[in-house]
Participant: 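My structure is below; once you've seen it, I'll send some questions.
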Number of protein chains: 2
Amino acid sequence: MTSSRSGSYERPHRPAQPEDTRAADRRSAIRQAALRLFAEQGYRATTMTDIGAAVGIRGPSLYKHVASKHELLAEIMIGTMEQLIADNTAAVIGTDDVREQLRRSVEAHIRYHARHRLEAFVGNREIGSLEQPDQDRVLRGRSDYERRFRELIERGVAEGTFHLQSARIASYSILDMGIGVASWFHEGGEFSVDQLAYQYGDIALRIVGVRA
Amino acid sequence: MTSSRSGSYERPHRPAQPEDTRAADRRSAIRQAALRLFAEQGYRATTMTDIGAAVGIRGPSLYKHVASKHELLAEIMIGTMEQLIADNTAAVIGTDDVREQLRRSVEAHIRYHARHRLEAFVGNREIGSLEQPDQDRVLRGRSDYERRFRELIERGVAEGTFHLQSARIASYSILDMGIGVASWFHEGGEFSVDQLAYQYGDIALRIVGVRA
DNA sequence: CGAGTTGGCTAATGACCATTAGCCATCACA
DNA sequence: TGTGATGGCTAATGGTCATTAGCCAACTCG
């Protein structure tokens, strides 16, 4: 009827919100959609069109908010790695007891992998999709993270508190158990995050040879 | 000089080998190359040109030997799942002792993930790349495999041999430890496959609460 | 109210890719 | 020796995709 010249898309704008908040919300929605899609389909199988559709816009419009598809992945991967390290740092302060430090470290590790299962899942599966130098940065972070567990276990062995054959294998087993959590855990299942963290804490102490 | 008409590729053939052996060798080389490349780069990032180059031919020539790229992936995934189940079946026969059955099951699990780390790695990362009905088939197999561990642990608890909170969490931890092995193990490192299998057997027994 | 900014859109662009078509040299074997 | 099968090849084919270009409406703010 009345003109309606070319494109027929809907309301592109909405007022009533502080300037920056709206823009930040959209960026955050895009990151969240990308995270979900990367986890469900894989990074390479997810298209910019998919991500756009998940937030109600077209693929090319995403470039008004993010620089590239790769940037979305890199943010997830680097953020995940840094958060794990920060959580670990926070976990071990406040006690010198090596048993307690291990329990807290493992609980933080499990908690992150249960609460942020998509981030952790993508963070573990898509390392090969990262371009340099991001890939090296993430790998260095993971290596640092593993070393913290290994050195903690070595300290426990040196003190005579822990009893085991190889600190390296113990640290890998404990970390890999946690990584596994991200692939099967879902809220509302048999266990709460707290129950899970506590049980894995027990398991870790058994692995290092501490009697209950 | 002498003619050399069009294409300039090299010797396409070689005699002196029983018919079927040569053909089977090439198919096997292709599968091996595909496995390595899928592990290094991911299924979607690997092109038929890549696989061809790894065995010295062009991408399209692969179709004289395999039906599709997806077939290569499906063979890896289904073969891996079936081998794990077969190894587990073989591991538990010959003893009724639940401790011994768990040790043997875990050793078989670890052995497979160390010896066939590429298959196991791809088998775990590329489930989402499988098309139906292959994906469901593999998922059903994995679910069956996990159930074997869980029911074994439940039996140990019922007998009073094992002492733990949740058989499900114990089975997941043990399986996830093994899956992790496929991502870091390499021949010639600190441990042999046998040493690794034995140590993880110990760890599993600790997890289920058996005292050494 | 009017000019610049924002964030949509569609339509290229320039790749890349799995697979198919069709060609041909070599081989095995009659 | 010649014929069919085998397994290479190059050149389509038909598709997908990340990203860029260029357009435009609505909003913001002076």
Side-chain angles (χ1 to χ4, degrees), chain A residues 2-30 33-34 37-38 41-74 129-131, chain B residues 2-30 33-34 37-38 41-74 129-131:
Chain A
T2 48
S3 69
S4 175
R5 259 202 303 187
S6 59
S8 63
Y9 57 96
E10 307 190 357
R11 308 146 285 139
H13 276 272
R14 271 290 172 152
Q17 278 260 337
E19 229 341 293
D20 294 316
T21 302
R22 247 184 313 133
D25 281 356
R26 172 115 308 174
R27 246 194 308 276
S28 156
I30 290 169
L37 289 164
F38 291 166
Q41 314 180 328
Y43 173 72
R44 281 194 86 112
T46 299
T47 69
M48 292 302 266
T49 301
D50 292 338
I51 300 171
V55 298
I57 64 178
R58 305 297 174 125
S61 303
L62 292 168
Y63 290 87
K64 295 290 160 98
H65 303 281
V66 300
S68 67
K69 186 185 169 190
H70 185 264
E71 182 194 77
L72 285 166
L73 180 65
S129 306
L130 269 188
E131 285 160 29
Chain B
T2 48
S3 71
S4 174
R5 261 203 304 188
S6 58
S8 63
Y9 56 96
E10 304 191 359
R11 310 145 285 137
H13 277 270
R14 269 290 172 153
Q17 276 260 338
E19 232 339 299
D20 295 314
T21 303
R22 248 183 314 134
D25 281 356
R26 175 121 294 184
R27 246 193 308 277
S28 155
I30 290 170
L37 290 164
F38 290 166
Q41 314 180 326
Y43 174 72
R44 280 192 86 109
T46 300
T47 69
M48 291 303 266
T49 301
D50 293 338
I51 300 172
V55 298
I57 64 179
R58 306 296 174 127
S61 303
L62 292 168
Y63 290 88
K64 295 289 160 95
H65 303 283
V66 301
S68 67
K69 185 184 170 190
H70 186 264
E71 182 195 76
L72 285 167
L73 179 65
S129 306
L130 269 188
E131 287 160 26

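Just so it is clear, the model here is predicted, and its values are computed rather than measured. Letters A, B, ... mirror the listed sequences (proteins, then strands); counts begin at 1.
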Participant: Can you pull out the residues from residues 61-74 of chain A that lie within a 4.0 Å heavy-atom distance of DNA chain D?
Facilitator: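 Listed by number, they are A/Y63, A/S68, A/K69.
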Participant: Under the side-chain contact (heavy atoms from CB on, under 4.5 Å) test, which residues partner B/S28, sequence neighbours left out?
Facilitator: none
Participant: According to a strict under-4.0 Å criterion, is A/R58 in side-chain N/O contact with OP1 or OP2 of C/dT10?
Facilitator: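 A/R58 to C/dT10 OP1/OP2: side-chain N or O found under 4.0 Å.
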Participant: Sequence neighbours excluded, which residues qualify as side-chain contact (heavy atoms from CB on, under 4.5 Å) partners of A/A54?
Facilitator: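 side-chain contact (heavy atoms from CB on, under 4.5 Å) list for A/A54, sorted by chain: A/A33, A/R36, A/L37.
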Participant: Got a sec, which residues hit side chain to side chain donor-acceptor pair (under 3.5 Å) with A/S68, two or more places apart in sequence or on another chain?
Facilitator: none
Participant: Please list, chain by chain and in numerical order, all residues satisfying side-chain contact (heavy atoms from CB on, under 4.5 Å) with A/A45, sequence neighbours excluded.
Facilitator: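 Listed in chain order: A/Q41, B/R44.
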Participant: Any side-chain heavy atom of B/L72 within less than 4.5 Å of one from B/L62?
Facilitator: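 B/L72 does not reach B/L62 side chain to side chain.
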Participant: State which residues pass side-chain contact (heavy atoms from CB on, under 4.5 Å) with A/T47; sequence neighbours excluded, sorted by chain then number.
Facilitator: A/T49, A/D50
Participant: Could you give all pairs that pass the side-chain hydrogen bond (donor to acceptor under 3.5 Å, both in side chains) test and reach residues 57-67 of chain A, with sequence neighbours left out?
Facilitator: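 Listed by first then second residue: nothing to list.
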Participant: Whole angstroms only, please: what is the CD1-C1' distance between A/I57 and D/dA18?
Facilitator: 15 Å
Participant: For A/S129, what residues pass the side chain to side chain donor-acceptor pair (under 3.5 Å) criterion, not counting sequence neighbours?
Facilitator: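 If we apply the side chain to side chain donor-acceptor pair (under 3.5 Å) test to A/S129, skipping adjacent residues, the hits are A/E126.
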Participant: Where along residues 41-54 of chain A does a heavy atom fall under 4.0 Å from DNA chain D?
Facilitator: A/T46, A/T47, A/M48
